[in-house]
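Values below: every heavy atom of this structure, side chains too, minus hydrogens, waters and symmetry copies.
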Amino acid sequence: MKMFIKLNNTKNTRSLSDLINKDGLSIKKHYLIRSDALNKLSEQDKDILKNTFHLKRVIDLRCETETKNSPDVKIEGVKLYLNPILPANRVGVTKKGNDEDDFKDFIEAIYASGVSSSMDFMTKVYREIVTEDFSNAAYERFLKILLEDIGGATLWHCSAGKDRAGFATILVLYLLDFKMEDIIEDYLSTNLFYQNSIQEFIKLYGQEYSNVLEVVFGVCREYIDALFNEINLNYGNLDNYIYQGLHFTKEDQRKLKEIYLEER
């Protein structure tokens, strides 16, 4: 169901072309790619993305602080869009470029926000990204960027490629008429690619932090449930959120399908 793109210096890069929608259509070969950050790409990584996957456009969903501290490696001929989903001061999710500092920030943010657990903290973040004007405007820009056909692959990413980029992927796949169970499976498959990293962090910080680390660096169904519950509470359903909250029309959806879908 998912095509992992093996690069030297990313953990969660994958093409969406192997998915088949409700009408038996698939995404054009490697036209849409989701990923974690591209700030450590090797020359070989750049060559693979540009020449094997025909990358033409990158949409960086990280905040201003992240892009300043750890900018994407430039790839000649690839257009870069900076489109932060969260403001620069969003502690606990936005990154400093140092995993140890990120982890410390996350723990501090839990106490500062007054929530009882790391799971509560993360579900709170998911609810915020569909209710805050800043985030909704960013997701609207993201979808509108995709309406320009550039004749090649578009890659979007955040830091880990799981939360901000994860919801972006949910929106795209939903608009391209994929089954919700397949959309959620793609979202949850992030956990397959981060298991080794989680184990490394457990060794670094200690077994007592294992549950928190799995929450920080993984995804779960509870996040999706919190997100959809918040959408239903504020908009009634996902369609209303997209059409009313993100101002993405039926005609926009038709054009999106025309650009990215093809017969299997």
Side-chain angles (χ1 to χ4, degrees), residues 3 5 10 13-21 23 25-39 41 45-64 66-67 71-86 129-130 133-159 161 164-178 183 186 238-239 241-264:
M3 180 176 179
I5 298 175
T10 68
T13 305
R14 56 192 196 265
S15 169
L16 301 176
S17 297
D18 282 1
L19 298 170
I20 302 174
N21 78 356
D23 299 317
L25 303 175
S26 64
I27 294 167
K28 292 177 182 177
K29 190 173 183 181
H30 312 316
Y31 247 52
L32 297 176
I33 300 170
R34 57 176 296 176
S35 182
D36 50 325
L38 307 182
N39 60 301
L41 292 180
D45 293 337
K46 291 163 60 177
D47 180 71
I48 290 171
L49 287 172
K50 183 176 180 179
N51 297 316
T52 301
F53 291 94
H54 307 292
L55 184 63
K56 298 288 187 181
R57 177 170 55 199
V58 169
I59 307 173
D60 189 341
L61 304 177
R62 298 176 301 163
C63 75
E64 184 179 351
E66 296 170 273
T67 58
D72 279 1
V73 173
K74 293 182 179 179
I75 306 175
E76 185 179 356
V78 175
K79 188 172 184 179
L80 174 63
Y81 290 82
L82 300 181
N83 186 42
I85 298 297
L86 296 169
I129 64 173
V130 296
D133 291 341
F134 186 99
S135 299
N136 285 338
Y139 280 117
E140 179 180 347
R141 284 193 300 271
F142 165 74
L143 292 175
K144 295 297 175 63
I145 290 170
L146 292 180
L147 291 179
E148 180 189 357
D149 188 356
I150 54 173
T154 296
L155 179 152
W156 59 87
H157 75 87
C158 52
S159 180
R164 291 166 287 183
F167 183 47
T169 306
I170 288 171
L171 290 173
V172 172
L173 292 177
Y174 183 79
L175 285 165
L176 294 178
D177 283 341
F178 286 86
I183 295 173
D186 174 78
L238 184 54
D239 286 325
Y241 168 73
I242 290 171
Y243 304 134
Q244 298 171 14
L246 304 184
H247 308 107
F248 200 80
T249 68
K250 287 286 188 180
E251 176 58 24
D252 291 333
Q253 184 179 16
R254 185 200 64 75
K255 185 175 179 181
L256 195 75
K257 292 178 183 179
E258 183 179 277
I259 294 171
Y260 294 104
L261 292 177
E262 65 181 0
E263 292 186 3
R264 187 69 174 173

Check your understanding: Does any N or O in the side chain of S26 come within less than 3.5 Å of the main-chain N or O of I20, such that one atom is a donor and the other an acceptor?
Key -> no

Check your understanding: Would a 4.5 Å heavy-atom cut-off, applied to side chains only, mark L146 and Y260 as touching?
Key -> yes

Exercise for review: Could you tell me which non-hydrogen atom of C158 sits nearest to which non-hydrogen atom of A165, and how far apart they are?
Suggested key: SG-N, 3.5 Å

Review point. Where do Q253 and F248 come nearest, in terms of heavy atoms and distance?
Key: N-CE2, 3.6 Å

Review point. Has the side chain of E148 got a donor or acceptor atom that lies under 3.5 Å from a matching backbone atom of I145?
Key: no

Practice item. Please test D186 against R14 for side-chain contact (heavy atoms from CB on, under 4.5 Å), starting from the C-alpha separation and ending with a verdict. Key: CA-CA 10 Å; D186 174 78; R14 56 192 196 265; 3.5 Å; yes

Exercise for review: Side-chain contact test, heavy atoms from C-beta onward, threshold under 4.5 Å: evaluate it for I183 versus L19 and give yes or no.
Suggested key: no

Point to revise | Sidechain-backbone polar pair: D36 side chain, T10 backbone, donor-acceptor under 3.5 Å | key: no

Review point. Checking side-chain contact (heavy atoms from CB on, under 4.5 Å) for the pair L176/L16: CA distance, chi angles, key distance, verdict?
Key: CA-CA 11 Å; L176 294 178; L16 301 176; over 6 Å; no

Review point. For L246, which of D252, N136, L175, V130 qualifies under side chain to side chain contact (heavy atoms under 4.5 Å, CB included)?
Key: N136

Check your understanding: Is it true that a side-chain atom of T67 and a backbone atom of E64 form a donor plus acceptor pair closer than 3.5 Å?
Key -> yes

Point to revise | I259 backbone acceptor or donor facing K28 side chain under 3.5 Å | key: yes

Check your understanding: So how far is it from N51 CG to I75 CD1, rounded to the nearest 0.5 Å?
Key -> 10.0 Å

**Study point:** Contact summary for L147 and K255, nearest pair of heavy atoms
**Key:** O-CE, 3.3 Å

Check your understanding: How many angstroms lie between atom NZ of K46 and atom CG of L38, to the nearest 0.5 angstrom?
Key -> 11.5 Å

Check your understanding: Less than 4.5 Å apart, any side-chain heavy atom of H30 and any of M3?
Key -> yes

Review point. Given side chains that start at C-beta, do those of D149 and Y31 come closer than 4.5 Å, heavy atoms only?
Key: yes

Study note, to complete from the structure: OG (S35) and CG (D72) are apart, to the nearest 0.5 Å, by 9.0 Å

Practice item. Could you go through the salt bridge (Lys or Arg N to Asp or Glu O under 4.0 Å) check for E251 and R254 one step at a time? Key: CA-CA 5 Å; E251 176 58 24; R254 185 200 64 75; 2.6 Å; yes

Study note, to complete from the structure: To the nearest 0.5 Å, atom CZ of R164 lies from atom OG of S159 at 6.0 Å

Exercise for review: Find out whether L86 and L61 are in side-chain contact, i.e. whether some heavy atom of one side chain is under 4.5 Å from a heavy atom of the other.
Suggested key: no

Exercise for review: Would you mind reporting whether V172 and W156 have side-chain heavy atoms less than 4.5 Å apart?
Suggested key: yes

Exercise for review: Check whether any side-chain heavy atom of K79 sits under 4.5 Å from a side-chain heavy atom of I150, and report yes or no.
Suggested key: no

Point to revise | Heavy-atom side-chain contact between I33 and T154 under 4.5 Å | key: no

**Study point:** NZ on K257 to CG on L25, rounded to 0.5 Å
**Key:** 9.0 Å

Point to revise | Residue K144 excluded, over 12 heavy atoms near NZ under 6.0 Å | key: yes

Exercise for review: For G166 and R34, work out which heavy atoms get closest and say how close.
Suggested key: CA-NH2, 3.6 Å

**Study point:** Chi angles and distances behind the side-chain contact (heavy atoms from CB on, under 4.5 Å) call for L155, V78
**Key:** CA-CA 10 Å; L155 179 152; V78 175; over 6 Å; no

Revision key, fill the gap. Rounded to the nearest 0.5 Å, the CD1 atom of I242 sits from the OH atom of Y174 at a distance of 6.0 Å

Exercise for review: Using the side-chain contact (heavy atoms from CB on, under 4.5 Å) rule, take I27 and N21 through it: C-alpha gap first, then chi angles, then the decisive distance, then the call.
Suggested key: CA-CA 9 Å; I27 294 167; N21 78 356; over 6 Å; no

Exercise for review: Determine yes or no for a side-chain-to-main-chain donor-acceptor pair under 3.5 angstrom, with K50 supplying the side chain and E76 the backbone.
Suggested key: yes

